[in-house]
Structures are given as structure tokens and as C-alpha cells.
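Both backbone and side-chain heavy atoms feed into the values below; hydrogens, waters and symmetry mates do not. Each chain gets a letter, A, B and so on, in the order its sequence line appears, and its residues count up from 1.
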2 protein chains.
Amino acid sequence: MTTELTSGARPGVPTLDQVAVLAGVSRATVSRVVNESPRVSPEARVVVQAAIEQLRYVPNRAARSLVTRRTDTIALVLSEPNSQVFSDPFFAGIVHGVSAALAETELTLVLLTARDAREQRKIARYARQGHVDGVVLMSLHSEDLLPDMLSEVAVPLVLCGRPHDGREVAYVDADNRGGARVATEHLLGLGRRRVAALTGPMDLIAGVDRHAGWVQALADAGHEPDPALVVHGDFTEAGGEAAMVRLLDQAPDLDAVFVASDPMAVGALRALRTAGRRVPDDVAVVGFDDAAVAATCDPPLTTVAQPLDRMTTELVGLLRARIAGEAGPAETRTCPTRLVRRASA
Amino acid sequence: MTTELTSGARPGVPTLDQVAVLAGVSRATVSRVVNESPRVSPEARVVVQAAIEQLRYVPNRAARSLVTRRTDTIALVLSEPNSQVFSDPFFAGIVHGVSAALAETELTLVLLTARDAREQRKIARYARQGHVDGVVLMSLHSEDLLPDMLSEVAVPLVLCGRPHDGREVAYVDADNRGGARVATEHLLGLGRRRVAALTGPMDLIAGVDRHAGWVQALADAGHEPDPALVVHGDFTEAGGEAAMVRLLDQAPDLDAVFVASDPMAVGALRALRTAGRRVPDDVAVVGFDDAAVAATCDPPLTTVAQPLDRMTTELVGLLRARIAGEAGPAETRTCPTRLVRRASA
DNA sequence: ATGAAAGCGCTAACAT
DNA sequence: ATGTTAGCGCTTTCAT
């Protein structure tokens, strides 16, 4: 009696019932086949699979998730008012990497962007509606409210990048501080004495950490950081060029510079050339890889490689572990960076 | 009697029933308030809203979409094996624009990427599962199978970019042909006689159309297109530089060049400079805007502006119309391009 | 191994 | 204007 009521539904979109009728079994058996339960006889499985093929049946996700309370979907949230961040190779790399890591699984990726408070609320609401099993959040700026908003929603959450404050939350980050330290040590090891730092904005944790690594390397070597040797860029090529000009003005005697991002390093190189300083004979430069921009530089730049692939793998792994309840709410992973010396032209 | 069964559910996630009980009304009334039906008394509305606030109630999407057969979600599908496409400013611009256009609505965006056949199947399946109300598909290459796969799924579909064959499908595209024609006319109007074309790959419809525009402008002016004046790039900066080198070799007497994309134009400019040709005195160049890369060029380039904002607006508008059943399956929109002359340095 | 039946949370007739 | 009721398509005990 139940089955004949199904006739009122949309034509062309088969349901479990229809498969069951065609296969001559019950709904439960079809469900078991679809969900790969071992409690099905081989014969039944064959019959059901044939019916599924014939009808081109695909389970209705809404119905399934209504009962299982899973959605098999995770969200990647980009919280950043600046819209050109989309073409930023670092963001692009993260999006791509997460998407690739998920391709191997049954999970699908939902990309959400928050450019203003309105969109932030929409995202928090979306998460609370239970439309995703978990979320990866990229939020760089210290004053961003979204991390708090999402923490309040009862959904597994992993941040991409260490949070600015010391909050208790799961995150994955590159070893920014270690990378900057190694880069600076490399320059000191070359015998340079006046190693400047072209760092990033200090409201970005990556900027803070990379600056801290430079300071530490100098301290370890017994140098005291000279304020004249520090200048802040905005992680862009143009910003890097401008910052390098200021740096040359502040400290004309510098003989090396650690640049806290690759695009800035490209700009810095240009500024150095314009100023008539030879690279690397005159000034040694090490960049910090956001996506290997500097690989195409002339002269080729020694850079700190940022482990994008590793980060995205960890991000997805940690989130899945959290969804499965196998990882704590504040578990963290730091992905090692490494120095890459490129052949000099 | 129904309500007390609810007790077995997840704690902390309130349902319609619980709101109804707290407000002292029926589920139906709560549903009406949530869905802004006019058939509710002001008093009831107030009581219900208070209960919603108190319980922090948010409707369960799965349950809703199970009955309404809507998901309030649309997918933006990027079908492109090349993974670096993510940082391509054109793609980034489309993603950003669509996302922005949707921010004003109740719809959410799901970004899906297909890099290989496996991912393509996953996407087709996802669409068939009824998890989205419609899809915007960016598929550039002529041999891509995804357009066919998605056409077979009964879901409103709009392509970003004219399909390569003459298939019957809704799409939105820039006026690539018209833009190329105007660019070439501009060069001819400057008095140039040997107007070369640095075009894109011919398996991309944008490449084909821009090339066709150049041919048409020459034909209209009574010139016959000289094969030596044509060379194909790959829409990238490096490709543009290499192509320009070939072009100079093939046709050393060229006095102008229409370049079918901005990044290529930047590369072409560099090649011209290296070859000792002065721009624009010696060789006039017009680029084709993929995301205003050329705006930062030196010398500033006259470019054909591609209406990204317009395209994304149309894309979303057309898809929504299709979802509402207000637009045919093969309705198309072409967004006008225009020539932008930049002040010479 | 299989089927019957209950119910996930919601909307939408249909009554009143 | 409000309540009652019948499902949407699926999973999952609980029997058999």
C-alpha cells in the first residue's frame, strides 16, 4: 500500500521504493545495498544493482542527511574583505589543495567567502543550519570576528593559519617563524653583517611570525636587531618594491635582506636593481614562498619553501579526524618549511 | 502525543516542534512565521519570533529541501585540468563576481572543480543527487565532456562562455569577436598597415572569436589577412613573450599588433622592448583585458575591456530565471566589450 | 538475510 | 488565522 503513493512524485527521478519494486525486494534491502552493508545475499545484491543501473537511481541527499545527520560536505571559508585575494596564489593554492585532497574522498567542498559582516552572518547561519559536517576557515586579520562566530556554532572547525590570539582552537600552519629564522641564518652564514628584514603587515600572524624568526636568528648570532633594518610591506609585489626603497633609504649600508613573501621579493629585486645595487653580489636576498613566484625571478632567488601541499593535506586530515571525533578541539599541526637555493644565473 | 517523541533527538539543536510548544502554537504557524507567510496574526508572529530567538532556532535545510525540492544552492563548476587556473585572474574574477552577485540573495554558492574524468563524474552525480538548484559551468576546451554530462542531468544549466559547437544551451559570454574587431580597427585607424595578431589557442572559443574579430576588421578595411601576421599564444605572459618573438621573426615589418589577452600583451611588450622596437611609436599594441593586468604596464596599454561584472551578473540572472522557469534552455546573453585608451606615459 | 514500521524535521494542502 | 494531517525519501531498529 505504501509504494503506490509514490506515484505523485516527480517523474524521472527514481526513488528507493521504485528500485525496490523493480528488484522485487524491500526498501530496506535496497538501502543496504546502496550503503554497502554486508548483511545482503549476493543474489539480492545483483538484482538490486541491476535495478539501480536500469533506473539510474541516485540517492536523495536531503532525505539521507535528514536521518543520518551527515551531509558529506565541508566548507572552506575565506574571510577577507579584499576581493582581489582570490587571485592571490597562496589562497588559490590552498583552495586547489583542499579541493584535491577531497577529490579522493566522498566529501564535497563548498567554498564560501565573507567580505563583510553581512556575509559573515550568512556563513555562520549556514553552518548552524547543519549544511556542512565541518569547516576550514582562512582568516588572516586579527580583528576578524568570524573565528568567534564559528566557534560558537557546534561544528568541527579547523583554522588555516595560527590564530592571532592564543585561543584554544584546532589549526594548521606553516612554520613561518622557523622558516624566517633559517633564511636569516643562511644570510648570516654567507658572512653578511647588515641583514635587513622586509616583513609583512603585523596584523597578519604570518607577518608577525616571520618577523619573529628574523629577530631570533639575529639574537642567536649575538646581533641586536636594528630598527633601521626593518620595514613593513603588504605582501604584494608593488608593496615590496616601495618598502625596499624605504629600506635602502633607512639603511644604505645593508648587505642582505630577508623578504617575508615572494611577491614582495620580486618587487624588492626590482627596487634594488633600480637603485644600482647588484644582487646577490652586493645585496643577498631570500624570499618567503607563497607560491613560488620567485622561481621565475632573475636572478633566481633563494627562498623558504612553504609546504602548501602538506598544509592542505593536514587541514583535511585534521578536519576529518575532528568530524569523526578522533581529534581534540584544539589539536594543531605545524608544517615544516625549508630553504631552497636556486641555481644562480 | 507527537511532540514528546521529539525528546530522542540531538540535544541543543531545536526543532520546529520545540519552538511551537514554547510559543504555544502549532508547527504550521511556526513554519508560516519562518517562511514569512502573511497568514499569521501579529500577536502570533511576535510570540513565535520570541521563541525562535530564545531557542536560537534555525530551520533544518535537509528537512526543508526534502519537501520543497529546492536547495537554495547553486554550483559554479570549473572544468579545467590545469590546476594553476585558480590563480588566473579571469577565473578568480568570475568566481568573485558570481559569489558577490549571490551575496545579495538567499542562495549559497558551491564551488566545484573538475580536473579529470573522475572528478567530472563526481560532479555529474552530485548534480543528479539534487543537491543544487542550478549550475554555472566554466568549460573552455572544445573536447571537454562535462557540458554534455551536465546537459543530461535535469538541472538548470548556464555556461560561462559560448560553447565550441553550435549546441542549444543557455550561455553568457563577452563579445570577444566585437572586441577584437574594434581593437584592430583602432590600430588601422592609427594609420598602421601591417597589423599582426597574437591570438590565443584555437581550442578555446575565446581564442577563436578574438581571432575572427581581427580577420573581420581587416576584411572590412579591404585587407587580406597575411598568415605571416598571425601567431598563437597560450594566454599567458610567458607564452605571449615567446609568441611575440616568433611574430617578429615571421613579419619583421609589422607596425602594430593586436594581442588576444592582457597577460600575453605584457609578455609581448617585453619581447618588443628586448628586440629594440619602440612602443607605441614603432609598434602599436592593443591588449584584450582578462583582468586589467595591462593597466600596470609601461607604457600603458590601450586595451579592450572585458565586462567581468556584467558577465557575472548576467550569469546569475539567467540561471535564476531558468530555475524559476522564466528563461528557455538555450537563451543567451552577450556582454559588450569596449576599447579603453590609457594615457601614455 | 530480509521485511515491516517508525520517524528524521519540515511544508503544504485541507479543515475549521 | 490557526490547527490537523499527510507525506518528502531515506535509514534503522526490531521482528521474523
Basic-acidic side-chain contact under 4.0 Å: [X], [Y]:
X        : Y        : value
B/Arg70  : B/Asp133 : no
B/Glu43  : B/Arg45  : no
B/Arg118 : B/Asp116 : no
A/Arg310 : A/Glu314 : yes
A/Arg333 : A/Glu331 : yes

Exercise. If we only count heavy atoms from C-beta on, is the A/Phe91 to A/His96 side-chain gap below 4.5 Å?
Worked result: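 Not in contact.
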If I take atom [atom1] in residue [X] and atom [atom2] in nucleotide [N], what distance separates them, rounded to the nearest angstrom?
X        : N      : atom1 : atom2 : value
A/Leu66  : C/dG9  : CG    : C1'   : 6 Å
B/Gln129 : D/dG9  : CD    : C1'   : 13 Å
B/Arg39  : C/dA15 : CZ    : P     : 15 Å

Exercise. Does the side chain of A/Thr29 get closer than 4.0 angstrom to OP1 or OP2 of C/dG3 through an N or O atom?
Worked result: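 Yes, within the criterion.
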For this session: Report yes if a side-chain nitrogen or oxygen of A/Ser41 is closer than 4.0 Å to either non-bridging phosphate oxygen (OP1 or OP2) of C/dA1; otherwise report no.
Result: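 Checking A/Ser41 against C/dA1: no side-chain N or O falls below 4.0 Å of OP1 or OP2.
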Seminar exercise, completed: 5' to 3', nucleotides 10-16 of chain D under a 4.0 Å protein heavy-atom cut-off (B base, S sugar-phosphate only, - none) gives BBBB---
For this session: Using a heavy-atom cut-off of under 4.0 Å over every strand shown, decide if A/Ala44 touches base, sugar-phosphate, or nothing.
Result: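 Here A/Ala44 touches the backbone only, sparing every base.
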